[in-house]
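We're numbering straight along the sequence, starting at 1. FYI, side chains are in, hydrogens and waters are out, and symmetry mates aren't considered; it's all heavy atoms of this structure.
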Amino acid sequence: MEEGRTKRTAHNLIWGVAFRVLNMALPFLIRTIVIYTLGTLYLGLDGLFTSVLEVLNLTELGFASAIVYSMYEPLAKGETAKVCALLNFYRRCYRIIGLVVAIAGLLLLPFLPHLITGKVPTDINIYVLYLMHLTGTVLSYELFAYRTSLLNATQRNDVVSKVNSVCYLCRCALQIVALLICHSYYLYVIVNIFNAVANNIAAAAISRKMFPQYHCTGEVAPEVVQDIWKKVKGMVCQKIGNVVLMSVDTLVISSFLGLHSLALYQNYYVIFLGVATLFGVIQTAMMAPVGNAIATDSVAKNYEDFKKFNFLYLFLGTWASICLLCLYQPFVSVWLGPELMLPDYLAALLALCFFTFRWCDMSMIYQYAKGLWWETRWVPLLAGIINLTINLVLVQFIGLAGIVISTIVSILLVYDTGVIYAVFNSYFYSVDSIWHYWRRQILYLPVVFVVAFIIWQLAVLMPWTGMSLLLARLLLCILLTPILLWGLWWRREECRLARAFLSPMLKKCLRKD
């Protein structure tokens with residue numbers, strides 16, 4: 001059973017990474033074309049409205065995660081009627097959510113001018129543009145989105161990734177045509193609407209073909225609805241907190257510093273987000289197998305898995321953070337030119353922020369796989385409130401640096417602490433102490449900072465500029481960082497567990513070759 005879970009995770013991971021690589025590479029091309037054909041103000045508007053719609057998406061409340069979690073058991077037991085009833089319930093919920101998003105979005109129309117400081121492109125009507133963005137969001141809820149839950153619950157995230165990849169490629173190709181040939185930002189946004197529709201229809205069609213036995217019929221038992229609502233109520237605070245934590249930054253920058261500063265920040269943030277989405281693929285690929293392991297294996301066995309997965313995830317997170325630290329500035333210089341670069345200290349702060357997110361991420365995977373939304377309901381909300389409060393204060397004194405610092409503080413002080421406490425207090429308490437976990441995590445840090453310092457010192461000594469500097473630093477980060485990390489962590493227990501986990505897979509791959 002464990003081998004089957006590992007294979008499904010690997011399959012989901014491969015296709016998820018393929019999609020995310022596309023999702024990382026193509027936005028750079030699109031953003032570059034927008035900057036050189038239209039200007040940075042258009043990117044600022046795009047980022048602003050995307051963040052506004054993230055706030056409106058709070059209406060979803062976490063139904064998707066709660067429904068997928070509720071499907072694990074009936075799918076494993078072959079209870080078709082229960083799965084059909086859950087699918088029917090999910091469809092009704094999403095239709096209501098789409099309607100609420102539409103109404104809430106229309107109510108925000110009078111307030112749009114107050115979210116923008118400084119210039120707006122003269123050929124753009126912000127109301128028309130906003131309504132176009134809103135239409136795409138509403139259609140994504142109303143058109144078959146509920147069918148994707150089957151693919152996620154049955155560990156077929158690879159299918160979702162394939163559909164997303166094809167639709168995304170088509171979307172980017174059409175957007176490039178809209179920008180280079182038609183020079184129309186409105187047409188560029190309209191493509192997003194068609195992409196949302198095509199994506200949902202394609203995923204629904206494949207889901208029906210793969211699982212023809214599941215239809216939207218029947219009613220969910222009252223006790224199941226109660227359990228779903230409890231999880232949803234637990235996720236309400238999480239959704240609000242996550243949006244405040246991640247999306248309100250954009251609104252604060254736009255309101256206090258203007259669209260140009262927002263566009264510069266988002267040039268860096270799109271790199272941050274691109275790398276982060278690769279880790280999101282790992283999380284998504286692991287979620288269902290870990291949930292299955294929690295349902296079938298002992299707590300002790302799962303804790304051993306948790307330790308080795310946590311080590312491997314932190315290894316990758318540290319590696320990626322050091323790459324960001326060394327490559328941010330030369331990449332942006334080559335990509336957009338020195339005039340659109342932020343100061344070095346801001347790039348370093350963003351790299352530190354990235355590591356802060358990755359440091360305790362594995363506990364979040366187990367939190368979701370165990371369904372501990374109610375137990376952690378206040379954590380993201382409190383983190384979001386602290387983030388927003390510090391944002392509003394620091395942005396007035398130190399500008400963009402205050403935005404990044406507030407995120408780092410709220411993640412370290414609230415988010416990591418709260419999620420880890422919930423996972424250990426609700427699940428791992430019988431096999432280990434939370435203090436042992438914190439001791440291990442803190443003991444990772446000296447190695448992280450020593451390796452980062454060594455790589456950074458070597459990187460700044462390089463005499464080249466432009467593409468030569470970027471390639472030289474990339475080679476340094478790719479080759480030397482993992483060697484130093486692996487060597488310094490070699491004797492740790494978690495490293496031994498990780499080696500024992502990876503060794504059979506590597507041998508199997510070598511035999512196939």
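Contact check for Ile403 versus Tyr265: side-chain heavy atoms found under the 4.5 Å cut-off. In this structure the side chain of Ile420 reaches within 4.5 angstrom of the side chain of Trp438, judged on heavy atoms. Between Tyr268 and Val404, every side-chain heavy-atom pair lies at or beyond the 4.5 Å cut-off.
Legend: residues meeting salt bridge (Lys or Arg N to Asp or Glu O under 4.0 Å) with Arg171, ordered by chain and number and at least two apart, are absent. Applying the salt bridge (Lys or Arg N to Asp or Glu O under 4.0 Å) test to Arg92 and every residue at least two apart in sequence or in another chain returns Glu219. Every residue two or more places apart in sequence or in another chain that forms a salt bridge (Lys or Arg N to Asp or Glu O under 4.0 Å) with Lys307 is listed here: Glu304, Glu493.
The aromatic rings of Phe309 and Phe501 lie perpendicular to each other, with more than 60° between the two planes, well past the 30° mark. Phe306 and Tyr366 have perpendicular rings, their planes meeting at more than 60° on a 0 to 90° scale where under 30° would count as parallel. In this pair, Phe354 and Phe272 present their aromatic rings perpendicular. The plane angle is above 60°, beyond the 30 to 60° band.
Between the side chains of Ser406 and Asn391, at least one donor N or O sits under 3.5 Å from an acceptor N or O.
Cation-pi geometry between Arg358 and Tyr313 is not satisfied (NZ or CZ under 6.0 Å from the ring centre, within 45° of the ring normal).
Here the side chain of Tyr214 pairs no donor or acceptor atom with the backbone of Val83 at under 3.5 angstrom.
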